[in-house]
Amino acid sequence: AAFNRVISVAALDPDLRPADWSNRGWWVTCSAVGQGVLSTYVKGDESPVVVAPEAPDQFPGDSWAIWSGTSFAAPQICGAVAAICQQTGLSARMVMRQLLLRNPVTIPDYGKAFSLLPGA
């Protein structure tokens, strides 16, 4: 993510403070909430090897869970860019440039902070 022309995304906690477990550095372009994000959960049974063998949880097809990770922050940025591209016809590069210029909130080593989805 430290390469030129790459948009790198760090994670914030639900209060838009830096998530201490997130990747960070001078190369980070922007950040979004990546801690406590509500998202879907895959259908299946918990492994009895990982949890108590006598009580693995079962998850139906419409399950939800609370997740944390930069992998939950990055799609928010991509989704916002894609939605604006679709609405305006602008290129992704142009939309990202405009979003970065319009956002006044910068967190050192976490880039421009975006509040898109709430955390739990």
Side-chain angles (χ1 to χ4, degrees):
F3 290 114
N4 290 332
R5 299 174 42 164
V6 171
I7 303 300
S8 53
V9 182
L12 304 172
D13 73 13
D15 296 321
L16 299 180
R17 293 182 306 231
D20 59 3
W21 46 262
S22 176
N23 291 334
R24 58 189 162 278
W26 59 266
W27 62 86
V28 173
T29 310
C30 55
S31 54
V33 174
Q35 182 172 315
V37 177
L38 181 65
S39 186
T40 55
Y41 195 81
V42 65
K43 178 181 177 179
D45 299 335
E46 235 176 351
S47 169
V49 174
V50 177
V51 297
E54 64 278 356
D57 287 327
Q58 295 179 327
F59 301 96
D62 61 349
S63 295
W64 292 81
I66 294 177
W67 301 93
S68 293
T70 54
S71 56
F72 291 92
Q76 294 176 57
I77 301 297
C78 293
V81 169
I84 295 169
C85 287
Q86 184 179 29
Q87 294 166 357
T88 64
L90 296 172
S91 71
R93 186 175 307 281
M94 181 62 70
V95 168
M96 192 69 213
R97 185 176 296 129
Q98 288 180 0
L99 286 174
L100 292 171
L101 288 173
R102 285 191 229 154
N103 188 341
V105 181
T106 300
I107 300 174
D109 290 338
Y110 287 77
K112 298 285 187 165
F114 289 90
S115 178
L116 300 168
L117 290 178

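- Between the S8 side chain and the T29 main chain, a donor and an acceptor come within less than 3.5 Å of each other.
- Taking all atoms of both residues into account, the shortest heavy-atom contact from V33 to Q76 is O-NE2, 2.6 Å.
- Residues A113 and N103 come closest through the heavy atom pair O-ND2, 2.7 Å.
- Q35 places no side-chain N or O within donor-acceptor distance of the main-chain N or O of D13, the cut-off being under 3.5 Å.
- Of the inter-residue distances, the one linking L99 atom CG with K112 atom NZ reads 11.0 Å to the nearest 0.5 angstrom.
- Within the model, atoms CZ of R102 and CZ of R97 stand 12.5 Å from one another, a figure rounded to the nearest 0.5 Å.
- Taking all atoms of both residues into account, the shortest heavy-atom contact from N23 to A10 is O-CB, 3.4 Å.
- A continuous path of ILVMFWY side-chain contacts below 4.5 Å connects V95 to I7, so both sit in one hydrophobic cluster.
- Cluster membership for V9 and L116, using ILVMFWY side-chain heavy atoms within less than 4.5 angstrom, is shared.
- Taken from CD in Q98 to CG in L90, the straight-line distance is 5.5 Å, to the nearest 0.5 Å.
- Interatomic distance, M96 CE to C78 SG, rounded to the nearest 0.5 Å: 8.5 Å.
- Of all non-hydrogen atoms in D62 and W64, the two that sit nearest each other are O-CD1, 3.2 Å.
- The shortest heavy-atom contact between L16 and F114 is CD2-O, 4.2 Å.
- Ring geometry for W67 versus Y41: interplanar angle under 30°, hence parallel rather than tilted (30 to 60°).
- Considering every non-hydrogen atom in both A32 and A73, the closest pair reads O-CB, 3.5 Å.
- For the pair Y110 (side chain) and A19 (backbone), a donor-acceptor distance under 3.5 Å is present.
- Under the 4.5 Å side-chain contact rule for hydrophobic residues, I77 and M94 share a cluster.
- Counting side-chain heavy-atom gaps under 4.5 Å among Ile, Leu, Val, Met, Phe, Trp and Tyr, the cluster of W26 also holds W27, V28.
- Checking side-chain atoms of R24 against main-chain N and O of S22 turns up a donor-acceptor pair under 3.5 Å.
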